[in-house]
4 protein chains.
Amino acid sequence: MAGSSFGNIFRITTWGESHGPALGVVVDGCPAGLALQEEDIQRYLDRRRPGQSNITTSRREADQVEILSGVFEGRTTGTPISLLVRNTSQISRDYGEIASCYRPGHADYSFDQKYGFRDYRGGGRSSGRETTGRVAAGAIACKILEHLGIGVRAYTRSIGPIVMDPARFDAAAIQETRTAMPDREADARAVSYLEEAIKRLDSVGGVMECRAVGVPAGIGDPVFRKLDALLAQAAMSIGAVKAVEIGDGTAVTTRYGSENNDAFCIKQGRVAKATNHAGGILGGISDGGDILIRAHVKPTPSIYAPQRTVNQSGQEINLQIKGRHDPIIVPRAVVVLECMTAITLLDAMLSNLCCRMDSLETFYRKPETLGE
Amino acid sequence: MAGSSFGNIFRITTWGESHGPALGVVVDGCPAGLALQEEDIQRYLDRRRPGQSNITTSRREADQVEILSGVFEGRTTGTPISLLVRNTSQISRDYGEIASCYRPGHADYSFDQKYGFRDYRGGGRSSGRETTGRVAAGAIACKILEHLGIGVRAYTRSIGPIVMDPARFDAAAIQETRTAMPDREADARAVSYLEEAIKRLDSVGGVMECRAVGVPAGIGDPVFRKLDALLAQAAMSIGAVKAVEIGDGTAVTTRYGSENNDAFCIKQGRVAKATNHAGGILGGISDGGDILIRAHVKPTPSIYAPQRTVNQSGQEINLQIKGRHDPIIVPRAVVVLECMTAITLLDAMLSNLCCRMDSLETFYRKPETLGE
Amino acid sequence: MAGSSFGNIFRITTWGESHGPALGVVVDGCPAGLALQEEDIQRYLDRRRPGQSNITTSRREADQVEILSGVFEGRTTGTPISLLVRNTSQISRDYGEIASCYRPGHADYSFDQKYGFRDYRGGGRSSGRETTGRVAAGAIACKILEHLGIGVRAYTRSIGPIVMDPARFDAAAIQETRTAMPDREADARAVSYLEEAIKRLDSVGGVMECRAVGVPAGIGDPVFRKLDALLAQAAMSIGAVKAVEIGDGTAVTTRYGSENNDAFCIKQGRVAKATNHAGGILGGISDGGDILIRAHVKPTPSIYAPQRTVNQSGQEINLQIKGRHDPIIVPRAVVVLECMTAITLLDAMLSNLCCRMDSLETFYRKPETLGE
Amino acid sequence: MAGSSFGNIFRITTWGESHGPALGVVVDGCPAGLALQEEDIQRYLDRRRPGQSNITTSRREADQVEILSGVFEGRTTGTPISLLVRNTSQISRDYGEIASCYRPGHADYSFDQKYGFRDYRGGGRSSGRETTGRVAAGAIACKILEHLGIGVRAYTRSIGPIVMDPARFDAAAIQETRTAMPDREADARAVSYLEEAIKRLDSVGGVMECRAVGVPAGIGDPVFRKLDALLAQAAMSIGAVKAVEIGDGTAVTTRYGSENNDAFCIKQGRVAKATNHAGGILGGISDGGDILIRAHVKPTPSIYAPQRTVNQSGQEINLQIKGRHDPIIVPRAVVVLECMTAITLLDAMLSNLCCRMDSLETFYRKPETLGE
């Protein structure tokens with residue numbers, strides 16, 4: 001199984017390189033009967049589009065999506081949905097040095113070792129542009145989840161040392177601030193911090209957070225396909241992510257069990273939890289609480305300051321990277337985390353339709369129908 | 001795809017419950033020709049066996065492994081290896097309260113929501129005993145990796161607030177200390193900390209770390225099957241793990257790119273890195289450096305102190321858990337992390353045999369052979 | 001993905017060799033809540049058990065199944081069901097010649113070429129005993145299908161040139177005749193034919209047929225996972241099968257479209273087909289008609305007459321096979337075809353639960369429940 | 001796992017409908033370093049292109065392929081290869097009757113039952129045009145196999161009752177005759193037979209055969225992923241195929257074992273077989289002989305003669321199909337069988353690189369390289 005597919009029932013396969021003619025995704029296993037048009041997908045692509053502020057790359061891409069299959073008369077047919085985005089802003093230039101040297105923090109060397117050579121233009125397949133297909137597919141997953149009453153929302157939790165304050169949480173700010181922080185005050189400080197780093201030809205890191213609200217209890221599998229295990233794979237598969245937390249994450253290791261256990265209680269006649277340290281997942285299966293995931297992102301490896309490295313001939317050299325690069329990955333990547341979370345959740349929810357005899361009985365007692 | 005399989009080429013499928021007649025694993029895709037006997041596997045199982053000190057559960061299990069298939073005249077045949085461990089220490093008793101209530105921090109409620117009911121004896125499939133099969137399979141992966149010059153070693157990094165000191169790293173201590181810490185001084189303090197928690201009928205958490213040395217550069221896949229993404233799934237799939245870090249992990253988010261990038265250099269005529277903040281993985285593919293993964297484990301949810309919870313009839317109740325439980329999961333789980341890491345690495349290394357035309361050419365130029 | 005797993009949602013993984021300590025299967029993804037006991041499985045194993053008449057091998061195996069996991073208080077839990085059958089009748093003897101030569105029609109040579117060596121005792125993994133695990137798993141699939149009103153039944157259609165007459169179809173005869181033919185008259189002639197072949201130290205082939213009644217329309221997938229494509233894989237994966245037909249099969253190639261098309265009509269107010277040349281599948285998806293599959297089985301390659309072959313040293317030799325062998329595979333293999341058909345159908349039916357938005361809506365509108 | 005992917009390591013995912021904007025395929029897992037250009041693929045697409053003679057549909061499609069990713073500087077990079085073919089000849093017309101009725105022999109009814117509705121334009125996803133993506137991907141597999149000295153060639157074996165004569169086998173005729181028969185005399189008779197059927201507004205069936213020469217012994221897996229089992233799935237997944245044979249196929253059932261076994265012998269110092277009844281596969285693994293597969297194709301269900309059927313309102317009606325249809329599927333489908341065979345073989349050959357310890361040892365003893 002090659003590496004460009006994710007999900008079992010709702011299964012996406014992405015393709016495309018930073019400087020190739022196009023990027024895209026095939027979504028197989030999307031349930032039939034979903035109203036879908038390009039606008040539904042475009043809204044999500046627009047959130048990751050480059051060139052939107054002074055703290056993102058100056059590369060401008062229209063990132064217009066085209067639905068090539070799987071939708072008929074405005075509804076999904078149950079067959080593969082092929083989505084295509086043309087690359088339009090590849091600047092033709094001399095890749096000489098990048099072609100022959102290994103940029104620190106990048107996948108140049110590891111790709112060469114694996115494949116024997118690489119598409120060196122703009123990172124090729126290891127470019128952040130690879131996430132275009134994920135977002136296009138994730139937009140569909142998000143639409144289905146929304147329809148089922150489930151909200152998935154990611155945002156910037158911190159940039160460098162500047163952390164949002166949950167007390168100032170403002171959902172509207174996520175799409176309005178340049179940092180995608182839900183806290184306008186923290187955003188202002190983060191922008192200053194970034195601008196200073198940019199001046200110094202440097203880059204910074206940060207933390208993304210994603211919360212899913214309304215996920216029913218009972219979603220996920222035991223053992224290897226635990227919901228948190230798949231979410232960890234999903235989040236860690238986003239380039240530059242170096243750590244993943246579920247719920248209270250790393251904080252739990254210094255607590256006692258009596259502090260960390262979430263007591264079950266009855267709220268409004270239903271089972272609930274008094275706290276949610278677990279982040280909505282117990283034993284790999286959702287417990288009805290909000291699902292919370294955090295992804296820690298390293299500073300962009302492309303910096304304009306000179307760096308030491310080696311070239312393919314085995315010589316140590318000084319490298320000065322040119323081109324257009326994001327000084328921080330986080331603000332444009334939050335929608336990617338949101339989409340990967342949604343795809344993971346939807347796939348697990350579909351899988352759950354098959355786990356009990358009573359589902360089978362309910363479904364197959366249904367009389368056959370004539371067309372619609 | 002149900003949740004009890006992991007790996008694509010070297011593929012393991014575990015089965016069994018805490019209080020059923022047996023647990024086991026089927027390993028499909030193990031290369032033919034590996035010398036293998038029960039003793040190779042038993043060594044690993046012994047490391048996770050319960051009842052070995054005052055800081056683990058008093059349940060005693062022989063955990064004797066039986067090889068039922070896939071090995072002929074002392075060598076693996078390439079066909080599925082079935083490994084079986086009988087449960088011998090299930091104490092027959094009244095599960096009355098546990099059967100009908102939801103233990104905080106456990107999967108009782110989420111299993112009930114998913115499947116409609118559950119095997120409530122000792123956690124059933126969500127018990128830590130589920131990892132028996134993982135360790136049995138992992139022992140095989142470790143043996144192969146060792147044969148290829150790759151060492152994988154996990155240990156306890158911290159217990160509660162007590163962190164090992166890398167300056168005192170002592171590999172022998174891992175198997176000799178009760179905490180599996182490679183630092184005898186930290187171990188002594190951790191044991192005191194634990195004993196105090198046990199007196200208070202409470203439990204504690206900690207951090208496990210695993211280092212793989214000698215992994216060649218070029219292992220792993222781009223996009224969704226990035227080596228770090230699969231390691232994150234592997235680690236997070238271990239019960240009670242709530243966070244996973246690769247390399248410097250969460251620490252990278254407050255650094256500048258100029259600090260965090262690992263400069264490539266030439267050491268002894270070969271490409272190397274001056275530092276290893278990345279934990280040996282760039283763009284999801286190994287870079288030749290040590291691979292480093294950390295898993296953060298919550299305090300054991302089973303505590304003897306009374307807790308508030310609800311029962312299946314929807315009533316809030318006080319619960320006092322009986323039985324035999326580990327006051328900390330970490331020391332017995334390090335071998336599980338080691339095994340999951342080895343399985344993930346081996347599977348990725350096998351997959352790499354197929355990624356270049358020159359491998360195909362080399363292999364299929366080989367003349368047919370007569371038998372051995 | 002190694003070769004010992006089949007099915008996506010209802011996924012079986014078989015293991016075990018002819019002369020190893022045991023054989024078995026792990027069934028992952030079986031829906032929770034099915035009443036299941038060993039007797040349900042034993043009935044099916046008894047149908048493939050050797051040593052039951054003069055036209056099967058004289059090897060006697062009890063083939064007693066043991067359920068090791070996945071069933072609690074008489075019901076499936078949704079977690080992996082591990083089934084084990086001990087080998088009890090391996091005769092210890094000198095395999096000298098078989099160990100070093102390639103039996104015609106057997107997998108000795110191809111296994112050696114693939115793996116470098118092989119378990120030569122009784123065919124090892126390529127033995128017909130490998131189907132034990134398939135039948136054990138298939139018994140579960142059959143039970144679920146029956147519960148949903150679907151009947152799957154396989155039988156011997158022909159032995160050598162002797163073909164059953166559909167006009168004399170007698171379902172009771174399938175389990176009562178030695179040939180598993182549903183036609184007692186044809187059975188008598190087939191037994192004579194077989195006895196004569198046995199006298200001549202030879203073996204014979206035949207055709208198995210399987211019919212599934214009550215499968216709702218709409219089951220299966222387009223393109224590669226067409227229901228007939230998966231049934232073909234399932235049937236062809238049974239050792240010694242050399243051809244597979246769906247519906248009228250090979251006969252369709254000399255017909256005109258006007259003869260071969262099944263006209264749709266209305267019967268009792270519902271869509272039906274006037275004929276069923278298609279064998280119940282159109283475009284890879286069930287059409288509500290009976291599903292019909294035929295598998296053509298070669299004569300047992302193990303014959304007692306002397307044969308020319310070569311040994312591992314590259315010498316041409318005369319070989320006289322000893323041991324206990326079935327002079328025909330068909331009568332004991334019909335239950336294997338029945339089981340593989342049932343597994344394929346059940347997996348496709350489970351998959352269908354996920355293919356429409358309205359299923360998702362129905363399922364996730366359901367309120368959460370308190371336990372059972 | 002939805003139905004539009006095939007293969008495990010060399011994995012293809014097709015998408016697109018007959019009358020949508022485009023069709024295509026994503027090939028993931030193609031080894032890096034293969035020289036590849038659009039012309040390599042176009043040659044294969046041209047062989048299945050419609051509108052080439054009086055015995056194929058008059059629909060004309062350019063079927064120009066575009067490589068959108070995975071190839072850099074003329075070589076495959078190891079990342080997904082996305083191939084796109086625009087539909088150009090969809091005639092805009094009234095689908096009124098086809099939209100609301102169920103054509104006999106077509107998937108209209110079964111799609112409606114599965115998905116609740118369907119893309120009724122030209123068969124949508126169940127159209128023969130779906131095979132465009134298979135052929136584009138298969139062209140790559142064929143190129144790799146050729147490079148390794150393996151030839152895969154499919155042709156028409158029979159049309160209606162007219163069978164080619166192996167004594168007149170003429171490879172050049174396959175691409176020169178309208179029927180794709182390798183026998184010009186049989187071709188002439190088949191064309192007459194077809195023209196007569198066309199005059200009667202009817203359609204005919206036939207048999208395709210594919211032979212792979214040079215496949216090394218040892219390819220394939222035991223049990224469910226037997227090489228013949230996967231070939232059977234591959235062939236049966238081609239629309240309108242109703243039976244699949246390997247080697248002598250159905251003919252083996254009336255033979256004795258002594259007739260059907262292929263004796264091993266020594267030819268030119270190597271193990272060979274005196275005959276090849278088995279079609280080059282023993283126990284699911286290649287034996288070094290030619291691999292032979294036959295696929296039986298039903299007459300095109302679209303005929304111009306009036307037929308009885310029902311509509312979605314449950315009324316019985318007379319239907320007269322309009323549009324442009326092939327009176328026989330076989331001549332244009334042989335390249336599809338060839339491509340599916342090649343994909344199956346290549347995937348199994350890649351898988352084989354991982355099945356022995358000595359492969360691992362050979363590969364990982366290799367020193368790391370600097371770039372190319």
Side-chain angles (χ1 to χ4, degrees), chain C residues 1 3-4 6 8 102 104-105 107 110 113-114 116 125-126 160-161 202-203 205-207 217-218 221-226 228-229 232-233 236-237 242-246 249-250 252-254 256-258 260-261 263-264 271 282-283 285 287 296 298-301 303 305 308-310 316 356, chain D residues 1 3-4 6 8 102 104-105 107 110 113-114 116 125-126 160-161 202-203 205-207 217-218 221-226 228-229 232-233 236-237 242-246 249-250 252-254 256-258 260-261 263-264 266 282-283 285 287 296 298-301 303 305 308-310 316 356:
Chain C
M1 186 163 44
S4 293
F6 185 77
N8 185 33
Y102 298 130
S110 50
Q113 289 299 314
K114 180 179 178 75
R125 184 70 178 145
S126 72
D202 217 331
S203 67
V207 179
D221 273 289
V223 194
F224 301 113
R225 292 180 68 84
K226 286 188 165 86
D228 37 0
Q233 181 198 352
M236 195 71 96
S237 78
K242 300 302 288 183
V244 177
E245 299 178 282
I246 300 294
T250 60
V252 304
T253 67
T254 50
Y256 291 106
S258 57
N260 193 58
N261 282 348
F264 285 103
V271 174
L282 287 172
I285 298 175
D287 66 14
H296 295 251
K298 72 177 182 182
T300 318
I303 58 175
R308 290 295 291 171
T309 192
V310 306
E316 298 194 340
R356 286 162 70 158
Chain D
M1 187 162 43
S4 292
F6 185 77
N8 185 34
Y102 298 130
S110 51
Q113 289 298 317
K114 181 178 177 75
R125 184 70 177 146
S126 72
D202 217 330
S203 66
V207 178
D221 273 288
V223 194
F224 302 112
R225 292 180 68 83
K226 285 188 165 84
D228 36 1
Q233 182 199 350
M236 195 72 95
S237 77
K242 300 301 287 183
V244 178
E245 298 178 281
I246 301 293
T250 59
V252 303
T253 67
T254 50
Y256 291 107
S258 57
N260 193 60
N261 282 347
F264 286 103
I266 300 294
L282 287 172
I285 298 174
D287 65 15
H296 296 253
K298 72 177 181 183
T300 317
I303 57 175
R308 289 296 288 172
T309 192
V310 304
E316 299 194 340
R356 287 164 68 158

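As a basis for the values below, the full set of heavy atoms in this structure was taken, side chains included, without hydrogen atoms, waters or symmetry mates. Labels below follow one simple rule: chain letters A, B, ... track the order of the sequence lines, proteins then strands, and each chain is numbered from 1.
- Scanning both residues, D:Gly257 and C:Pro299, for their nearest heavy atoms gives N-CB, 3.3 Å.
- With rounding to the nearest 0.5 Å, the separation of CZ in C:Phe224 from OG in D:Ser4 is 7.0 Å.
- Among D:Thr253, D:Thr300, D:Thr254, D:Ile285, the residue with the largest count of heavy-atom pairs under 4.5 Å with chain C is D:Thr253.
- Across all non-hydrogen atoms, the minimal contact from D:Arg356 to C:Lys114 is CD-O, 2.8 Å.
- The candidate with the highest count of non-hydrogen atom pairs below 4.5 Å against chain C, out of D:Gly283, D:Ser237, D:Gly205, is D:Ser237.
- Contact count against chain C (heavy-atom pairs under 4.5 Å) is highest for D:Gly206 among D:Ser126, D:Pro161, D:Gly206.
- Most heavy-atom pairs under 4.5 Å with chain C: of the set D:Lys242, D:Arg308, D:Lys226, this distinction falls to D:Lys242.
- Most heavy-atom pairs under 4.5 Å with chain D, from the set C:Thr250, C:Asp228, C:Asn261, C:Val252: that is C:Asn261.
- Looking at D:Ser258, its side chain never comes within 3.5 Å of a backbone N or O of C:Asp202 through a donor-acceptor pair.
- The CD atom of C:Gln233 lies 7.5 Å from the CZ atom of D:Arg225; values are rounded to the nearest 0.5 Å.
- Heavy-atom minimum distance, D:Leu282 versus C:Ala107: O-CB, 3.9 Å.
- For the residue pair C:Ile246 and D:Met236, the shortest heavy atom distance occurs at CG1-CE, 3.5 Å.
- Remark: the backbone N or O of D:Ser110 is not paired with any side-chain donor or acceptor of C:Asp287 at under 3.5 angstrom.
- Contact annotation for C:Asn260: only side-chain heavy atoms (C-beta onward) come within less than 4.5 Å of a heavy atom of chain D.
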